[in-house]
Student: 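Here it is: the structure, laid out below.
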Amino acid sequence: MQTLRNYDAKALWQADLDHCIHPWTDFSDWPRSGSTIMVRGEGAHVWNAEGEKFIDGIGGLWFANVGFGRQELIDAATRQLATLPQFSYFTDIGNPPATELAVKLAELAPGDLNRVFYSNGGSVANDTAVRLAHFYWSALGKPSKRLVISRRYAYHGSTYLSAALSGKASEKQGFQFPEGLVHHISEANCYRMPDGVDDEPSYCDFLVDEFERKIAALGAENVACFFAEPIMGAGGVLVAPEGYHRRMKEVCEANEILYVSDEVVTAFGRLGHFFASKDRFDVMPDMIVTAKGITSGYLPLAATLVSDRMYEAMARRPDGAMLTHGFTYSGHAVACAVALANIDVMEREDLCGQVRSTGPWFEERLRTLADLPIVGDVRGSHFMLCVESVRDRTTKEPFGEDVGIGTRIARNAQLRGLIVRPIGNLNVLSPALTLSRDEIDRIVSILRDAIEDTMAELDREGLEFAA
């Protein structure tokens with residue numbers, strides 16, 4: 001175990017407050033609360049600057065798949081840093097780790113997804129997927145196919161283009177987006193099906209029909225691609241009805257639309273497979289986007305995997321146009337070396353198999369929280385789960401934003417030594433894939449206590465909920 005360095009916690013807190021702009025800053029609360037400064041991680045635990053220890057229930061941010069402090073990954077980075085940290089990856093220059101990782105990704109990915117374009121984060125990898133789709137259709141002499149269809153509440157990133165792909169209206173306030181490029185259809189939320197739809201098969205029919213009508217309205221000749229997360233992540237950990245992804249792909253094929261599977265969260269074991277699209281949801285995408293778990297967050301890396309069919313069309317453009325897209329840190333040698341070490345750990349320890357074994361236990365134990373009066377839904381799959389809180393379980397009426405129910409529960413969980421992620425009325429769990437059943441039980445126990453603490457708060461403040 002590493003020795004915990006002594007930090008001046010107060011000075012760090014103040015310096016962070018004075019100089020750092022954090023993603024998703026709530027400016028109304030920021031000057032008062034500041035940041036919790038994390039200084040060390042080991043396995044599925046993290047420590048803050050005050051020396052307090054927490055169970056990391058969010059896996060860093062969906063990414064700490066093999067846990068913190070893995071010496072194999074640290075050694076891989078050190079060896080590559082000493083050899084060649086990075087060099088240009090443009091045009092005709094490569095490096096061994098990037099090449100070896102591409103071979104490995106092609107081996108792990110389904111079907112003919114044998115071509116890899118590297119970037120350094122999921123947002124940029126999704127941007128890349130759109131640009132490659134445009135380049136592909138242009139190569140086939142169909143430049144009008146440029147529109148993109150995504151889903152409400154989807155999260156695909158926060159760059160200019162990937163934020164437009166995302167479908168959460170709350171994250172678009174105060175920003176501008178490209179006009180007319182991205183069009184949205186309904187999210188697949190089995191907890192909140194529309195009026196008149198009574199079961200999941202009918203709901204699936206409803207969603208597929210909506211997709212077909214959207215394509216007809218836009219004109220199939222104008223639509224380049226459709227984006228979908230196998231399980232919607234930041235939009236609510238939403239699991240679509242059985243057969244949804246396969247049927248949406250069939251609609252894409254019938255209309256010559258590329259299907260892009262955003263596996264930034266779901267890949268590398270979170271659902272018990274290296275890639276979930278085919279093995280878990282029986283859909284063969286034209287592109288898969290991945291990041292986060294590819295290095296377990298040890299270094300930034302992302303990849304857009306492309307089918308042989310797409311690659312061959314792009315490489316044989318009649319006009320001979322170059323693919324003028326890329327980044328300084330594309331194919332970063334150290335990041336790719338760490339990714340290879342990360343995959344080696346996962347294979348050697350059979351973490352995907354472990355997730356398939358312990359994931360159902362996690363789901364079962366978390367569902368025991370359904371007896372609590374404000375728990376409306378417990379959903380997700382394996383190591384990608386969430387609890388939705390509601391004011392009234394019969395009507396599914398949510399708490400108002402002013403109550404901040406998710407934030408309250410997360411705060412009370414953190415006071416008890418567990419970090420969960422609040423998103424509106426939700427509390428999300430995406431911990432390291434290495435958790436034992438005892439550790440899972442501990443997480444669920446703390447979360448139960450935190451929800452009960454929160455209900456007591458609501459009572460004291462006179463905020464009503466249906467018991």
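Because the structure is predicted, anything quoted here is derived from the model rather than measured. Numbering starts at 1 and runs along the sequence shown.
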Student: More than 12 foreign heavy atoms under 6.0 Å from CD of Gln71: is that the case here?
Tutor: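 Yes, the 6.0 Å shell around CD holds more than 12 heavy atoms from other groups.
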Student: Taking Glu363 for its side chain and His382 for its backbone only, find out whether a donor-acceptor pair lies under 3.5 Å.
Tutor: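 Flag set: sc Glu363 to bb His382 pair under 3.5 Å.
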Student: Shortest non-hydrogen contact from Phe327 to Tyr118?
Tutor: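 Looking at all heavy atoms of both residues, the shortest contact is CD1-O, 4.1 Å.
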Student: Inspect the surroundings of CZ in Phe135 and state if more than 12 heavy atoms from other residues, nucleotides or ligands are less than 6.0 Å away.
Tutor: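 More than 12 heavy atoms, drawn from other residues, nucleotides or ligands, come within 6.0 Å of this atom.
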Student: Is there a side-chain contact between Asp286 and Met310 (heavy atoms, below 4.5 Å)?
Tutor: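 Yes, close enough: below the 4.5 Å cut-off.
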Student: Please report the shortest heavy-atom distance between His156 and Glu229, naming the atom on each side.
Tutor: CE1-CG, 3.9 Å
Student: Quick one, Arg270 and Val355 - any side-chain contact, counting heavy atoms below 4.5 Å?
Tutor: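 Arg270 does not reach Val355 side chain to side chain.
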Student: Out of curiosity, Asp56 CG to Leu61 CG, how far, rounded to the nearest 0.5 Å?
Tutor: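 Going from CG on Asp56 over to CG on Leu61, the span is 9.5 Å.
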Student: Show your working on side chain to side chain contact (heavy atoms under 4.5 Å, CB included) between Tyr7 and Trp13 and close with a plain yes or no.
Tutor: CA-CA 10 Å; Tyr7 287 91; Trp13 180 89; over 6 Å; no
Student: What class does the angle between the rings of Trp47 and His45 fall in, given that below 30° is parallel, 30 to 60° is tilted and above 60° is perpendicular?
Tutor: tilted
Student: Kindly say whether Val265 contributes a backbone atom to a donor-acceptor pair with the side chain of Trp62 at under 3.5 angstrom?
Tutor: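 Pair absent, no side-chain N/O of Trp62 close to backbone of Val265.
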Student: So, using side chain to side chain donor-acceptor pair (under 3.5 Å) as the criterion, who are the partners of Ser261 when residues are at least two apart?
Tutor: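 Here the qualifying residues are Ser277.
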Student: Between Gln80 and Pro97, what is the shortest heavy-atom contact and its length?
Tutor: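 Nearest heavy atoms, Gln80 then Pro97: OE1-CG, 3.3 Å.
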Student: For the backbone of Val223 and the side chain of Lys145, can you confirm whether one donor and one acceptor N or O come within less than 3.5 Å of each other?
Tutor: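 Side chain of Lys145 to backbone of Val223: a pair is present.
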Student: Return yes if a side-chain donor-acceptor contact under 3.5 Å exists between Asn189 and Glu187, otherwise no.
Tutor: no
Student: Centre-to-centre under 6.0 Å for Phe68 and Tyr298, is that the case here?
Tutor: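 Centroid separation for Phe68 and Tyr298: 6.0 Å or greater.
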Student: What's the shortest heavy-atom distance between Leu207 and Ser186, and which atoms?
Tutor: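 For Leu207 versus Ser186, the nearest heavy atoms are CD2-CB, 4.0 Å.
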Student: Is Ser158 close to Trp24 at the side-chain level, that is, under 4.5 Å between some pair of heavy atoms?
Tutor: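 Side chain of Trp24 against side chain of Ser158, heavy atoms only: contact under 4.5 Å found.
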Student: Return the set of residues passing side chain to side chain donor-acceptor pair (under 3.5 Å) with Ser35 (not counting sequence neighbours), or none when no residue passes.
Tutor: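 Applying side chain to side chain donor-acceptor pair (under 3.5 Å) to Ser35 gives Asp16, His22.
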Student: In terms of the angle between their ring planes, are Phe177 and Tyr160 parallel, tilted or perpendicular, with boundaries placed at 30° and 60°?
Tutor: parallel
Student: Which heavy atom of Ser162 sits nearest a heavy atom of Asn126, and at what distance?
Tutor: CB-CB, 4.4 Å
Student: Could you tell me the separation between the OG1 atom of Thr83 and the CZ atom of Arg79, rounded to the nearest 0.5 Å?
Tutor: 9.0 Å
Student: Are the side chain of Gln86 and the backbone of Ala333 linked by a donor-acceptor contact shorter than 3.5 Å?
Tutor: yes
Student: Measure the CG-CG distance between Asp127 and Leu161 for me, rounded to the nearest 0.5 Å.
Tutor: 4.5 Å
Student: If I take atom CG from residue Leu165 and atom CD1 from residue Ile149, how far apart are they, to the nearest 0.5 angstrom?
Tutor: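 Taking CG in Leu165 and CD1 in Ile149, the distance rounds to 12.0 Å.
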Student: Short question: side chain of Arg379, backbone of Gly236 - any donor-acceptor pair under 3.5 Å?
Tutor: yes
Student: Just by distance, no angles: are the side chains of Arg280 and His273 close enough, under 3.5 Å, to form a donor-acceptor pair?
Tutor: no
Student: Could you check whether any side-chain N or O of Asn342 sits under 3.5 Å from a backbone N or O of Val66, counting only pairs where one atom can act as donor and the other as acceptor?
Tutor: no
Student: Looking at Ser430 and Ile58, would you say the former's side chain and the latter's main chain have a donor-acceptor pair under 3.5 Å?
Tutor: yes
Student: Taking atom types as modelled, is there a side-chain donor on Ser138 or Arg317 under 3.5 Å from an acceptor on the other?
Tutor: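 There is such a pair between these side chains.
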Student: If we only count heavy atoms from C-beta on, is the Leu132 to Leu323 side-chain gap below 4.5 Å?
Tutor: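 Leu132 reaches Leu323 side chain to side chain.
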Student: Are Leu299 and Leu73 close enough that some pair of their side-chain heavy atoms sits under 4.5 Å apart?
Tutor: no
Student: Evaluate Ile443 against Arg365 for side chain to side chain contact (heavy atoms under 4.5 Å, CB included), listing each step before the verdict.
Tutor: CA-CA 10 Å; Ile443 287 173; Arg365 296 298 298 142; over 6 Å; no
Student: Among Val428, Leu366, Leu426, Leu429, exactly one meets side chain to side chain contact (heavy atoms under 4.5 Å, CB included) together with Val387. Which residue is that?
Tutor: Leu366
Student: Apply side chain to side chain contact (heavy atoms under 4.5 Å, CB included) to the pair Glu347 and Leu108, showing each step before the final yes or no.
Tutor: CA-CA 11 Å; Glu347 290 185 323; Leu108 296 172; 3.8 Å; yes
Student: Please check this pair: side chain of Ser144 against backbone of Glu221, looking for a donor-acceptor N/O pair closer than 3.5 Å.
Tutor: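 Indeed, once roles are kept as given, a pair shorter than 3.5 Å links the two residues.
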Student: Glu253 side chain to Ile257 main-chain N or O, any donor-acceptor pair under 3.5 Å?
Tutor: no
Student: Take atom OH of Tyr259 as the centre, draw a 6.0 Å sphere, and report whether it contains more than 12 heavy atoms from other residues, nucleotides or ligands.
Tutor: yes
Student: Before accepting this row, confirm whether a basic side-chain N of the pair Lys104/Glu100 lies closer than 4.0 Å to the acidic partner's carboxylate O.
Tutor: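 Judged by the 4.0 Å cut-off on N to carboxylate O distance, Lys104 and Glu100 do not form a salt bridge.
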Student: Indicate yes or no for a side-chain donor-acceptor contact from His184 to the backbone of Ser166 under 3.5 Å, with no hydrogens or angles considered.
Tutor: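 Such a contact is found between His184 side chain and Ser166 backbone.
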Student: With sequence neighbours left out, write down each residue that passes side chain to side chain donor-acceptor pair (under 3.5 Å) with Arg70, or none if nothing qualifies.
Tutor: Glu349
Student: Should Phe383 and Thr358 count as side-chain neighbours, where that means a heavy-atom distance under 4.5 Å?
Tutor: yes
Student: I'd like to know whether Leu238 forms a side chain to side chain contact (heavy atoms under 4.5 Å, CB included) with Tyr191, so could you lay out the CA-CA distance, the side-chain angles of the two residues, the decisive distance to 0.1 Å, and finally the verdict.
Tutor: CA-CA 9 Å; Leu238 300 178; Tyr191 180 59; over 6 Å; no
Student: Tell me if the centroids of the rings in Phe117 and His325 come within less than 6.0 Å of each other.
Tutor: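 Yes - the distance between ring centres of Phe117 and His325 falls below the 6.0 Å cut-off.
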Student: If I compare all heavy atoms of Ser123 with all of Thr159, which pair ends up nearest, and what's the gap?
Tutor: CB-CG2, 3.7 Å
Student: Does a donor on one side chain and an acceptor on the other come within less than 3.5 Å for Gln354 and Ser357?
Tutor: no
Student: Would you call Phe227 and Val130 a side-chain contact if the rule is heavy atoms closer than 4.5 Å?
Tutor: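 The answer is yes, as the side chains (C-beta and beyond) meet within the 4.5 Å cut-off.
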Student: Can you confirm whether Leu385 sits close enough to Val378 that some side-chain heavy atom of one is under 4.5 Å from a side-chain heavy atom of the other?
Tutor: no
Student: For a quick check under 3.5 Å, do Thr36 and Asn48 share a side-chain donor-acceptor pair by atom type?
Tutor: no
Student: Atom CH2 in Trp361, atom OG in Ser436: separation rounded to 0.5 Å?
Tutor: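 Separation between the atoms: 11.0 Å.
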Student: For the CZ atom of Phe87 and the CG atom of Asn95, what is their distance to the nearest 0.5 Å?
Tutor: 10.5 Å
